[in-house]
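FYI, side chains are in, hydrogens and waters are out, and symmetry mates aren't considered; it's all heavy atoms of this structure. Naming: A, B, ... by sequence-line order, numbering from 1 per chain.
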Amino acid sequence: MYAQMVKSDGPSDAELSPEERAFQARIDAGEKIEPKEWMPEGYRKTLIRQIGQHAHSEIVGQLPEGNWITRAPTLERKAILLAKVQDEAGHGLYLYSAAETLGVSRDELFEKLHSGKMKYSSIFNYPTLSWADMGAIGWLVDGAAIMNQVPLQRTSYGPYARAMVRICKEESFHQRQGYSIMMKMARGTEAQREMAQDALNRFWYPSLMMFGPSDKDSVHSAQSMAWKIKMNTNDELRQKFVDETVPQAEYLGLTVPDPDLSWNEDRGHYDFTQPDWDEFFEVLRGNGPCNEERLGARVKAWDDGAWFRDGLNAYADKAAARRLAAKTAAE
Amino acid sequence: MPSLPDMTTPKVETLGGGTGVEQDPHVSDAALRAPFFDWLCRMGDNTLILSHRLSEWCGHGPALEEDIALANTALDLIGHTQMWLALAGEVEGQGRSADDLAYLRDVMTFRNVQLLELPNGDMARTTMRQFLFDAFHAALLEKLSGSTSLRVAGIAAKALKEVTYHLERSSDLVVRLGDGTEDSHARMQTTLDAFWPYTGEMFLGDDVDAAMAEAGIAPPPQDLRPEWDRVIREVLDEATLAIPERRADVHKGGKTGRHTEHLGYILAEMQFLQRAYPGASW
Ligand SMILES: [Fe+2]
Ligand SMILES: [Fe+2]
């Protein structure tokens, strides 16, 4: 998802201390954990990794769509896209704030992103090549994000759960906007229909990768699920996504690029082809089509903005000193 | 955080405040048609081109809060563009929509001032340009709220609320960056010096402006100068920045379609889809 393959640090059951046992009991009872309350160090660290990766995904996720804002085909489409990408920046803000309640600053998390110590979702390392990609991203990528984030509204950590509630409202709006672009394209001219099909072809498997590899291979999932910071397995969510998306593609008159896709009556689900996991790991390793551009753009924005942030800070210091001086003079 | 309230743009005609052509005789006045159309394009092109430049920052801002604020300003200006250009199309009477005007005109029929088409450069340039224009824009919209054209007055009143906030924000940033570090101060002063020769164009009047003033639709641009001077002086003073001792009316012509080399590239990018796929609906 926006958080893929988050490593979790947890003790095995046998080693649980009385405090940890009580903590787990609260989670099992559906209680929310709040910032000032005791929590196991592993819970805190795992959450920082997950929320941080999610936050990074929101802001790196601005870039692929940002790529088309200046080329949006109408004023209305431009406004909608700009507002959408702006929402993603806002999601980043909420999430960095949620992470801050765990004792890590936004600047520290940025440093980890910029130095490559923290990741963002693999999906944002794919290029946006036509206007139809704006549709495909809203429909598929925001759609996949929703699959994961709706259950996370019930996650055990209070600030994270509350951030998710705000974010989910906007994400479903994004998905509808994306679908509306796809609809226009799929029902438009022949050239537009081709762009729409091509966008689906390129974004289908990368979207399936967003849920992360099968949980069979993940040692971290069980602990995260016990802590309720992961609510479903990757495979469950991927299946749910496919089941919901295939009929939407059919409605658009577009073909999902999977010749083996078929409805399985017994399972009550679609059977589908897994994405190329080698490609996924290569993208995580930095070898995706746009890794360098995406991270490079973020690092450049941060570095180029240093004088700006320094200027504002210097002014704030001066203003505070002036207020203090005025106050002292008055006394 | 603020975002677009819904997916569909409200009907631009109704946003203009008036309910129709009947109530605003200027809109169908054949004698006024040519200058009125031109003047409305000046309004809409200024906001269109500036919003375009601002939107280039999306995802690349120096801080998340600033990224969001730049997008907000751009969104406001896109909204103004939709209203001004829709009215321009209506006045012209040839069935051109706001999108037709934005996406299917060439450089020489664009009417924005040159200052707004200059590349973003760093945040000093983006911030200073915004401030210099906001001070003009707010003064103009304030006057336009009392326009004899009810349609113009309606759009202006709505836009003024937003632009008043733009001016507050850009003034505040100019002060903070001007009186920040040595580096931020130097960048702001250098930028102010570089932009100063473009500022005069905003206050140059011509036949179009005269016709608008005559009809009571818009003030002569030179009348806005004292208020602009006052705001600029006040803010720059607090920002510890010096008003350049250079001519202000050096780079001009945008209002009549004489632009810098930069506008062509903006249009090449902005109009690409409309040009490459004529007649498609998006
Ligand atoms: Fe988001
Ligand atoms: Fe989104």
Side-chain angles (χ1 to χ4, degrees), chain A residues 59-63 65-67 69-94 96 106 131 166 170 173 176-177 180-181 184-185 188-189 191-192 297-298 300-302 304-316 318-319, chain B residues 1-4 6-9 48 51-52 55-68 70-72 74-75 78-79 81-82 85 98-99 102-103 122-124 127 173 175-185 187-188 266 269-274 276-277 279-282:
Chain A
I59 61 162
V60 176
Q62 289 183 270
L63 299 170
E65 288 173 289
N67 182 39
I69 291 171
T70 55
R71 287 178 289 171
T74 67
L75 293 168
E76 184 180 346
R77 287 290 180 203
K78 178 147 84 176
I80 292 172
L81 182 62
L82 179 56
K84 194 261 189 195
V85 180
Q86 181 199 37
D87 282 349
E88 307 301 1
H91 298 172
L93 259 187
Y94 307 156
Y96 287 121
R106 203 203 298 179
W131 175 252
R166 295 175 74 175
E170 292 178 349
F173 193 54
R176 286 204 301 276
Q177 289 164 351
S180 132
I181 292 177
K184 268 279 188 200
M185 301 290 281
T189 64
Q192 285 176 304
R298 286 309 313 166
K300 184 175 187 310
W302 185 248
D304 288 355
W307 73 268
F308 177 91
R309 296 187 303 273
D310 290 348
L312 297 190
N313 287 333
Y315 179 82
K318 284 189 210 178
Chain B
M1 58 148 288
S3 68
L4 209 66
D6 69 49
M7 284 178 65
T8 49
T9 307
L48 172 62
S51 67
H52 187 91
S55 76
E56 291 173 0
W57 274 103
C58 190
H60 305 275
L64 271 179
E65 289 82 354
E66 190 57 29
D67 208 294
I68 291 169
L70 287 164
N72 260 340
L75 284 167
I78 294 172
T81 306
Q82 289 175 301
L85 292 185
D99 280 339
Y103 290 91
D122 63 5
M123 275 299 295
T127 306
L173 272 181
V175 167
R176 293 198 280 158
L177 293 170
D179 191 17
T181 59
E182 234 171 82
D183 184 19
S184 70
H185 176 86
R187 283 172 190 256
M188 294 303 277
I266 292 181
E269 190 170 332
M270 183 172 83
Q271 298 180 339
F272 156 67
L273 284 170
Q274 290 280 358
Y277 302 96
S281 141
W282 305 92

Quiz item: When rounded to the nearest 0.5 angstrom, what distance separates CG in A:L312 from CG in B:D179?
Solution: 11.5 Å
Quiz item: Counting heavy-atom pairs under 4.5 Å to chain B, which of A:K84, A:M185, A:K78 comes out on top?
Solution: A:K78
Practice problem: For B:D122 and A:D304, indicate whether the former's side chain and the latter's backbone hold a donor-acceptor pair under 3.5 Å. | Solution: no
Quiz item: Does the side chain of A:Y315 come within less than 4.5 Å of B:V175's, by heavy atoms?
Solution: yes
Quiz item: What's the spacing between A:K184 NZ and B:S281 OG if we round to 0.5 Å?
Solution: 3.0 Å
Exercise. Name the region of A:L63, side chain, backbone, both or neither, that has any atom closer than 4.5 Å to a heavy atom of chain B.
Key: side chain
Exercise. Decide yes or no for B:L273 and A:T74: does some side-chain heavy atom of the first lie under 4.5 Å from some side-chain heavy atom of the second?
Key: no
Quiz item: CZ/A:R71 to CD/B:Q271 distance, rounded to the nearest 0.5 angstrom?
Solution: 14.0 Å
Quiz item: What part of A:A72 gets closer than 4.5 Å to chain B, counting heavy atoms only: side chain, backbone, both or neither?
Solution: backbone
Quiz item: Who passes side chain to side chain donor-acceptor pair (under 3.5 Å) against A:R309, sequence neighbours left out?
Solution: none
Practice problem: Looking only at non-hydrogen atoms, find the nearest pair between A:P73 and B:Q274 and report the distance. | Solution: O-NE2, 2.8 Å
Quiz prompt | Among B:L173, B:D183, B:T181, side-chain contact (heavy atoms from CB on, under 4.5 Å) partner for A:F308 | solution = B:L173
Quiz item: Is A:W307 close to B:M123 at the side-chain level, that is, under 4.5 Å between some pair of heavy atoms?
Solution: yes
Self-check item: When B:E182, B:H52, B:R187 are compared by non-hydrogen pairs under 4.5 Å with chain A, the top option
Solution: B:R187
Quiz item: Between A:G305, A:A301, A:G311, which shows the greatest number of heavy-atom pairs under 4.5 Å with chain B?
Solution: A:G311
Quiz item: Is it the side chain or the backbone of A:D310 that comes within 4.5 Å of chain B heavy atoms, both, or neither?
Solution: both
Quiz item: Which atoms form the tightest heavy-atom contact between A:A314 and B:G180, and what is the distance?
Solution: CB-C, 3.7 Å
Quiz item: If you tally heavy-atom pairs under 4.5 Å against chain A, which of B:P62, B:C58, B:G178 wins?
Solution: B:P62
Practice problem: To the nearest 0.5 Å, tell me how far B:D99 CG sits from A:L75 CG. | Solution: 4.5 Å
Exercise. Against chain A, label B:A280 side chain, backbone, both or neither, depending on which of its atoms sit under 4.5 Å from a heavy atom there.
Key: both
Practice problem: Side chain from CB out, backbone as N, CA, C, O: work out which of these in B:E66 comes under 4.5 Å of a heavy atom of chain A, or both, or neither. | Solution: side chain
Quiz item: Under 4.5 Å between any side-chain heavy atoms of A:Q192 and B:W282, yes or no?
Solution: yes
Self-check item: Residue pair A:A297 / B:H60: nearest heavy atoms and the distance that separates them
Solution: CB-CE1, 4.0 Å
Exercise. Nearest 0.5 Å please: distance from the CG atom of A:L93 over to the CD1 atom of B:I68.
Key: 4.5 Å
Quiz item: What do you reckon, is NZ of A:K300 surrounded by more than 12 foreign heavy atoms closer than 6.0 Å?
Solution: no
Quiz item: Out of A:T189, A:I69, A:L82, which one racks up the most heavy-atom pairs below 4.5 Å with chain B?
Solution: A:L82
Practice problem: Please state whether the side chain, the backbone, both or neither of B:D67 comes within less than 4.5 Å of a heavy atom of chain A. | Solution: side chain
Self-check item: From CG (B:L64) to CZ (A:R106), nearest 0.5 Å
Solution: 5.0 Å
Quiz prompt | Residue selection (most heavy-atom pairs with chain B, distance under 4.5 Å) from A:W302, A:W131, A:Y96 | solution = A:W131
